[in-house]
Amino acid sequence: MAPKPRVRFAPSPTGELHVGNARTALFNWIFARHHGGTFILRIEDTDASRSAVSYQKNLLNDLNWLGLDWDEGPHKNGAYGPYKQSERLDIYRKHLQKLIDLDLVYPCYCTEEELEEERHALILSKRMPRYMGKCRNLMARERIKLENEGRKPSFRFKVQPQVIEFDDLIRGSMKFEGEAMGDFIIVRSNGMPAYNFAVVIDDHLMGITHVIRGEDHLSNTALQIMLYKAFGFPPPTFVHHSLILGKDRTKLSKRHGSVSVGEFRKQGILPGALINYLGLLGSSFTEGREVMSRDEMITGFALERASKSGAIFDEEKLRWLNAIYIRSCRTEDLIEWLKPFLEQAGYKTDAIAAKWLNEVIDLVKTELTTLAEIGSHIDIFFDDKFEITAEAKKILEKEDAVQVIKAFGEYLKTAADNPQENYLAAIKYTKEKTSAKGKDLFMPIRVALTGKVHGPELDKVFALLGENAVLKRLKLVTS
Ligand code: GLU
């Protein structure tokens, strides 16, 4: 029996979690759950100038919010830690020494400016920009001289002329020309490991069986395979999924709109909807299904079926799915998700009777596309938020409408306290008294009760407002 897969999500905390990276995390997570394997979270924070603790914190929060729980990683025990690269520097140092001993690396003293000049010259002469190996064959005394000038070396891997080949689970057989790459840096002049170096060591030492990541890493994989060979490590299986694109088919970025998980969270997208949507993109599932629970995704997922071409991100579709998730969410749970949005819109949730709020949310939830819209859907139930829209005002200007509202109120003032029955009886009375029917009957009452021309079922609004509030509003709009 094949060993259980071990996969990892290895973000660099240099910004907010992009939906593209969240999708990579999702693919890894589902793959692990589908096969009963292990999902590892590794923080790739060796670029101190770009990494920030706040990004790291948000990253963990976002993954938790999405429900992508990791089995090993920060705040989890695991036999392969530490799971933060900045805490693994000794390991990288030892591995650099191994390659030095094998004479597979050399120190490079070129400065940024010198490298830029070389790049520039190569581009001008229409050649592929890469490092041409200036420091590869330095004599010992030349090295000493450069060091005496105060230069700190980076370490470069000696690339041999070769064809690098690997089988990608989505893309099939891949081939790269080694020579075209140039000797690449594995340890920077500040002593920090470069991505391609650290990732190979970590993936090997952490027993990663499948590396699942975006296709933007394909050429990195070629470099990494050279390092696997140099160390004598067996390479894992590589899986490069397509990227998320904007409508113009370029890589999804800020100029297309919202791109981070945090932004969608703030807009009131439910995590289940976002996960469902990201899973749908690139259709890794069966038979065109669009709404899928997490468990269904885990069962139906097959990486091999993922599309090779980029998937276009469609915010409209995400909102459409979100509306479905909101509608089918248990009202008690939905209220928990809604609380921060209610507070933000100026509703003091602690001061609202729980049972009543439950009924209100139950009534309006079918109208929501995002949680952030909640304020403008429940304002009709709060006197201090009650407002009459311009459209509604036009209705109230009609004499017939005023008569309808007055008749409705007349009945209520004399009726016993039984909201459900009273509503129907008041409608009947109004109809008989004014001979208004259909829209002419209901619209004035709707406008009087809610200040709007659209809204939830009127009998339910009536019951939730209670007769006193209804009478107050009838008076307000007809005085
Ligand atoms: N830290 C890399 C990134 O965020 C990881 C890529 C990989 O999965 O190897 O792009």
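Both counts, for ligands and for their atoms, begin at 1 and track the order of listing.
In terms of protein heavy-atom proximity, atom 10 (O) of ligand 1 is closest to His217 NE2, 3.0 Å. The nearest heavy-atom contact from the protein to atom 8 (O) of ligand 1 is Arg8 NH1, 2.7 Å. Looking only at heavy atoms of the protein, atom 5 (C) of ligand 1 is closest to Ala10 O, 3.1 Å.
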Output, in order, the C-alpha distance, side-chain angles, deciding distance and verdict of ring pair (Phe, Tyr, Trp, His ring centres under 6.0 Å) for Phe39 and Phe31.
CA-CA 9 Å; Phe39 175 56; Phe31 186 78; over 10 Å; no
Determine whether Phe231 and His95 satisfy the following criterion, ring pair (Phe, Tyr, Trp, His ring centres under 6.0 Å), listing intermediate values before the conclusion.
CA-CA 8 Å; Phe231 282 120; His95 281 79; 5.3 Å; yes
Show your reasoning for whether side-chain hydrogen bond (donor to acceptor under 3.5 Å, both in side chains) applies to Asp71 and Thr38.
CA-CA 6 Å; Asp71 308 307; Thr38 306; 4.9 Å; no
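Annotation: Glu343, atom CD; neighbour count of heavy atoms from other residues, nucleotides and ligands within 6.0 Å is above 12. The local environment of NZ in Lys76 is crowded, with over 12 non-hydrogen atoms from other residues, nucleotides or ligands closer than 6.0 Å.
Contact annotation for Phe9 and ligand 1: no heavy atom of the residue comes within less than 4.0 Å of the ligand.
Remark: ligand 1 atoms within the under-4.0 Å shell around heavy atoms of Tyr195 are 2 (C), 5 (C), 6 (C), 7 (C), 9 (O). Listed by number with element, the atoms of ligand 1 under 4.0 angstrom from any heavy atom of Glu44 are 1 (N), 2 (C), 5 (C). Listed by atom number, the atoms of ligand 1 under 4.0 Å from Ser12 heavy atoms are 1 (N), 2 (C), 3 (C), 4 (O). Residue-ligand proximity, Arg213 to ligand 1, at heavy-atom distances under 4.0 Å covers atoms 7 (C), 8 (O), 9 (O).
For the pair Val199 and ligand 1, the shortest N or O to N or O distance does not fall below 3.5 Å.
Between the side chain of Tyr109 and the main chain of Glu147, no donor-acceptor pair closer than 3.5 Å is present.
Taking the centre and axis of the six-membered ring of Phe313, the NZ or CZ atom of Arg23 falls outside the cone set by 45° and 6.0 Å.
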